[in-house]
Structures are given as C-alpha cells and as structure tokens.
Amino acid sequence: HIIAKTLEKLSFPATVADPQSEDCPLIGVSPEFVKLTQYPTAAILGRNCRFLNEGCHLSAADKQGIRCSVKTGKHFTGILSNKRADGTNFLNLLDMRGLKIGTYSKTG
C-alpha cells in the first residue's frame with residue numbers, strides 16, 4: 001500500500017484518514033505518530049482520530065473547521081489538546097487538507 005510505505009519513511013508524526021469511509025477512519029500512521037501518542041498502530045488504524053480528544057476541550061470553531069475539512073477537503077489548521085495512551089496531555093498541531101491520489105496514465 002503506497003500510503004503506508006510513504007508514512008513509514010517520515011521523520012515526523014503524520015496520519016492519513018479516509019473521509020469517504022464511514023466516520024473518517026485513520027488508514028495510515030507514521031512511526032513518529034505512534035511514538036508521540038503511545039498507541040500501537042493496530043489500536044489506531046480503523047478509528048476516527050477523535051479518540052485522542054476524549055476528555056479534552058475542543059472549541060466549537062475547531063469542531064466546525066474539522067467537519068468542513070472532512071466534508072470538502074478544505075484546509076484546516078488548529079492546535080488541539082490530545083491525550084496519549086498513558087493519559088498524559090499533549091498539544092497536537094492538526095493540519096488537515098484534501099489529498100488526491102492519481103493514477104499513472106500509462107498503467108491506469
């Protein structure tokens with residue numbers, strides 16, 4: 001899977017979600033995201049990233065910006081309070097944007 005292979009090479013925390021699937025599940029995470037959150041990859045994939053916000057304040061403006069980005073692909077950036085697997089808080093710079101995966105015209 002090209003997304004997983006690309007994320008494996010990153011030296012910073014990153015995720016990819018599928019907004020066309022029900023509840024916009026995460027379909028790929030970088031090793032640095034796993035280190036940051038302390039959740040194993042298997043516990044992250046297939047889930048909506050909101051599990052990181054459980055028990056954290058999220059402003060109405062941020063909620064609306066995230067919903068709009070998921071629905072339209074419009075760019076959204078915010079600093080969100082999140083929780084690691086051990087319950088400690090961290091600030092997450094969330095930078096959402098639409099991603100289009102093309103095909104090579106000679107191979108389809």
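What you see is a predicted model; the values in this text were computed from it and never measured. In what follows, residues are counted from 1 in the order of the sequence shown.
- Residues K83 and N89 come closest through the heavy atom pair CG-OD1, 3.2 Å.
- Tested against T15, the residues L94, I44, V29 include a single side chain to side chain contact (heavy atoms under 4.5 Å, CB included) partner, V29.
- L91 and V34 are not part of a single hydrophobic cluster, where members link through side-chain heavy atoms under 4.5 Å apart.
- In this structure, the side chains of F76 and D62 come closer than 4.5 Å at one or more pairs of heavy atoms.
- Taking both residues in full, the closest heavy atoms of H75 and M96 are given as CD2-O, 3.0 Å, listed atom of the first, atom of the second, then distance.
- Counting only heavy atoms from C-beta outward, the side chains of L52 and Y39 approach each other to under 4.5 Å.
- Of all heavy-atom pairs between A17 and C24, the closest is CB-SG, 3.7 Å.
- Listed by chain and number, the residues in a ring pair (Phe, Tyr, Trp, His ring centres under 6.0 Å) with F90 amount to none (sequence neighbours excluded).
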(request) For the pair L80 and I66, evaluate side chain to side chain contact (heavy atoms under 4.5 Å, CB included) and give the outcome as yes or no after the intermediate values. (result) CA-CA 11 Å; L80 308 181; I66 292 167; 4.0 Å; yes
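- Between E8 and K5, none of the side-chain N atoms (NZ, or NE/NH1/NH2) sits under 4.0 Å from a carboxylate O, so this pair counts as no salt bridge.
- Within the structure, side chain to side chain donor-acceptor pair (under 3.5 Å) pairs that include any residue of residues 45-58 comprise D23-R50 (at least two apart or interchain).
- Looking only at distances, a side-chain donor or acceptor of T72 sits under 3.5 Å from a matching main-chain atom of C68.
- Both L10 and I2 are members of a single hydrophobic cluster when ILVMFWY side chains are connected at heavy-atom separations under 4.5 Å.
- To the nearest 0.5 Å, atoms CZ (F33) and CG (N92) are separated by 6.5 Å.
- No more than 12 heavy atoms of other residues, nucleotides or ligands lie within 6.0 Å of CD1 in I79, so this atom counts as exposed by the packing criterion.
- Residue G28 comes nearest to L7 through the heavy atom pair C-CD1, 3.2 Å, listed as atom of the first residue, atom of the second, then distance.
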